[in-house]
A.B. asks: 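Input: one structure, supplied below.
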Amino acid sequence: MTELSPDQTDRKAWMSLLAKAPAAELFRLWEAHGAAPAFRWLRAPEVGAVMVRGRAGAVGAPFNLGEMSVTRCSLRLEDGAVGHAYVQGRDKEKARIAALVDALMQTGGAAALRAAVLDPLEAGLADRARARAARAAATRVEFFTMVRGENA
């Protein structure tokens with residue numbers, strides 16, 4: 001397996017974040033940021049399906065779990081930066097915004113965009129993960145064993 005460069009690692013992280021982000025939150029942050037650069041489509045948003053594979057217990061033999069809808073697109077900004085997006089579901093607008101964010105993260109405005117869009121998305125995902133973990137912890141059962149006197 002080849003190692004990713006730091007730039008590729010960063011891009012992988014923000015692409016993953018954009019794909020996982022709730023559409024409504026991404027739309028709100030994008031609108032608040034106000035960055036709507038001119039672009040042209042390399043591949044307009046299109047909906048397709050991908051096969052999702054799983055493993056029993058995360059260690060067993062892989063099996064086909066089923067298909068999942070995915071929307072993808074690619075675009076080029078006027079300055080030449082290219083953005084791509086793959087998002088779960090059939091949301092073409094989310095894919096468009098994700099591709100624009102990807103392209104803009106490769107320009108000089110990356111720091112401002114990270115602060116306005118990516119950092120709040122990341123914080124929101126972390127908050128939801130903590131809340132989910134707290135709900136799961138509330139259902140946890142603690143087992144203990146009492147030692148009998150003759151076994152001591």
A.B. asks: In Å and rounded to the nearest 0.5 Å, what is the CG to CG distance from L18 to L26?
C.D. replies: 6.0 Å

A.B. asks: Roughly how far apart are R76 CZ and R43 CZ, rounded to 0.5 Å?
C.D. replies: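 Output value for this atom pair is 13.0 Å.
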
A.B. asks: With distance as the sole test, does S16 use its side chain to make a donor-acceptor pair with the main-chain N or O of A13 at under 3.5 Å?
C.D. replies: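 Pair absent, no side-chain N/O of S16 close to backbone of A13.
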
A.B. asks: If you take all heavy atoms of A115 and P120, which pair is closest and at what distance?
C.D. replies: O-CD, 3.4 Å

A.B. asks: Is there a side-chain contact between Q106 and D102 in this structure, where contact means two heavy atoms from C-beta onward sitting under 4.5 Å apart?
C.D. replies: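 Touching, per the 4.5 Å side-chain cut-off.
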
A.B. asks: Compile the donor-acceptor pairs under 3.5 Å between side chains in residues 62-69 and protein atoms, sequence neighbours left out, one pair per line.
C.D. replies:
from, atom 1, to, atom 2, distance (Å)
N64, OD1, R53, NH1, 3.2

A.B. asks: Atom CD in E93, atom OG1 in T71: separation rounded to 0.5 Å?
C.D. replies: 11.5 Å

A.B. asks: Would you say the side-chain atoms of K94 pair up with the backbone N or O of A24, donor to acceptor, closer than 3.5 Å?
C.D. replies: no

A.B. asks: Would V70 end up clustered with L75 when hydrophobic side chains under 4.5 Å apart are linked, directly or stepwise?
C.D. replies: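 The answer is no; the residues belong to distinct hydrophobic clusters.
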
A.B. asks: Between A19 and V87, what is the shortest heavy-atom contact and its length?
C.D. replies: CA-CG1, 4.2 Å

A.B. asks: If I take atom CD from residue E78 and atom CZ from residue R40, how far apart are they, to the nearest 0.5 angstrom?
C.D. replies: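 It is 11.0 Å, given to the nearest 0.5 Å.
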
A.B. asks: Quick check: is Y86 connected to V47 through a chain of hydrophobic side chains (ILVMFWY, heavy atoms under 4.5 Å apart)?
C.D. replies: no

A.B. asks: Distance check, rounded to the nearest 0.5 Å: D127 atom CG versus E122 atom CD?
C.D. replies: 11.0 Å

A.B. asks: Under 3.5 Å, is there a donor-acceptor pair between the side chain of E25 and the main chain of L121?
C.D. replies: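 Not confirmed, E25 side chain does not pair with L121 backbone.
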
A.B. asks: State yes or no: do L100 and W41 share one hydrophobic cluster built from I, L, V, M, F, W and Y residues joined by side-chain heavy-atom distances below 4.5 Å, directly or via other members?
C.D. replies: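 Hydrophobic grouping puts L100 with W41.
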
A.B. asks: Is a side-chain donor or acceptor of R55 paired with a backbone partner of G60 at a separation under 3.5 angstrom?
C.D. replies: yes

A.B. asks: Looking at residues at least two apart in the chain, or sitting in another chain, which of them share a side-chain contact (heavy atoms from CB on, under 4.5 Å) with M105?
C.D. replies: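 For M105 the side-chain contact (heavy atoms from CB on, under 4.5 Å) partners, ignoring immediate neighbours, are W14, V101, A110, L113, R114, L118.
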
A.B. asks: Identify the two heavy atoms, one from A85 and one from A95, that lie closest to each other, and give their separation to 0.1 Å.
C.D. replies: CB-O, 3.3 Å

A.B. asks: For the atom pair CZ (R130) and CZ (R128), what is the distance rounded to the nearest 0.5 Å?
C.D. replies: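 R130 atom CZ to R128 atom CZ measures 11.0 Å (nearest 0.5 Å).
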
A.B. asks: For M15 and H84, which heavy atoms make the closest approach, and how far apart are they?
C.D. replies: CE-O, 3.2 Å

A.B. asks: Looking only at heavy atoms, which two atoms of L29 and V117 are closest? And how far apart?
C.D. replies: CD1-O, 3.6 Å

